[in-house]
Amino acid sequence: MTGAGGLIGRAVAPLLPAGWDLLSTDLRAADGLYALDVTDVDACRAAFAGADAVVHLAAVPDPDASWELLLPANVVGVHQVARAAGECGVRRLVLASSLQAVSATPVGTQIRSTDPARPANLYGATKAWAEALGSWVAATTATSVVALRIGYFAVQRPDAEAVSAAERAAWLSPRDAAELVRAAVEADNLDFVVANGTSANRYRRADLQDTIDRLGYRPTDDAW
Ligand SMILES: NC(=O)c1ccc[n+]([C@@H]2O[C@H](COP(=O)([O-])OP(=O)(O)OC[C@H]3O[C@@H](n4cnc5c(N)ncnc54)[C@H](O)[C@@H]3O)[C@@H](O)[C@H]2O)c1
């Protein structure tokens, strides 16, 4: 797992299947984290050699981030990860995309995971790039790829007073995030899949049925 020291990685890692032999990496080594700068393709190759799957979370996750901030991890890093995963013969690459990849979808329209990328900010455009790289690796190597269009991850159930209805409708809980990663790693019979990633929120803008059907994702939490 890359970017495992971040918000999602720290919350999800302890909830993954007990049988997994997880190698948690991030930019800098820390307790339980090995150093892996994803912009370094040789380091990626060394880290991925022999791995069954790579879960790529490392990125700048800010929809307002500038090109300069996004360039290292979100543009170069995701390429190095995709390239190294393919070259190492990793069975499955899971890429953290975002619903920001489709944030220019007109209001009132349901977002399906089969919708083409339609970002409204540069960060979302880097996630569209990540998805495109996933397609490239799946088409040219033995590695199959799942790109997860993650919604609004928060450790606590969003407070209706503090968080917009749109964010609540996109909530992804830690438990469901771990289940989503499990499903994305374990699902078989796929080559390249883009999947929406939210909890089982009563009201949701992004369709989940496709993720449930294609990955066997079983979400349980609801922001309402
Ligand atoms: N948090 C959300 O609501 C959300 C929503 C949609 C998608 N995502 C995506 O999920 C992933 C994880 O998000 P997060 O909220 O945990 O972000 P985060 O910022 O908390 O964690 C990202 C981690 O990536 C690491 N990183 C950055 N540059 C790196 C590099 N060059 N090499 C190695 N590691 C590097 C950082 O040190 C950090 O620990 C990201 O790809 C993000 O775009 C997050």
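Side chains are part of it too, since the values below use all heavy atoms of this structure and drop only hydrogens, waters and symmetry mates. Order of listing sets the numbers, starting from 1, for every ligand and every atom in it.
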Problem - Stepwise salt bridge (charged side-chain N to carboxylate O under 4.0 Å, His left out) check, Arg92 with Asp52 - result: CA-CA 7 Å; Arg92 172 67 42 78; Asp52 172 58; over 6 Å; no
Exercise for the section: Let me see the working for Asp42 and Arg45 under salt bridge (charged side-chain N to carboxylate O under 4.0 Å, His left out), right down to the final yes or no. Expected result: CA-CA 5 Å; Asp42 293 327; Arg45 274 197 213 95; 2.7 Å; yes
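Cys44 and Asp37 get closest at one heavy-atom pair: SG-O, 4.4 Å.
With Trp224 as the aromatic partner, Arg168 meets the cation-pi criteria of under 6.0 angstrom to the ring centre and within 45 degrees of the ring axis.
Between Arg175 and Glu179, no side-chain nitrogen of the basic residue sits less than 4.0 Å from a carboxylate oxygen of the acidic one, so the salt-bridge criterion is not met.
Results of the side chain to side chain contact (heavy atoms under 4.5 Å, CB included) test with Met1 over Thr25, Val54, Leu16 single out Leu16 as the only residue that passes.
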Ligand-protein N/O pairs under 3.5 Å (ligand 1):
residue, atom, partner, partner atom, Å
ligand 1, 3 (O), Phe153, N, 2.8
ligand 1, 16 (O), Leu7, N, 3.2
ligand 1, 16 (O), Ile8, N, 2.8
ligand 1, 20 (O), Leu7, N, 2.8
ligand 1, 31 (N), Asp37, OD1, 3.0
ligand 1, 32 (N), Val38, N, 3.0
ligand 1, 34 (N), Leu27, N, 3.4
ligand 1, 37 (O), Asp26, OD1, 2.6
ligand 1, 39 (O), Gly6, N, 3.2
ligand 1, 39 (O), Asp26, OD1, 3.3
ligand 1, 39 (O), Asp26, OD2, 2.6
ligand 1, 41 (O), Leu57, O, 2.8
ligand 1, 41 (O), Lys127, NZ, 2.9
ligand 1, 43 (O), Tyr123, OH, 2.6
ligand 1, 43 (O), Lys127, NZ, 3.0

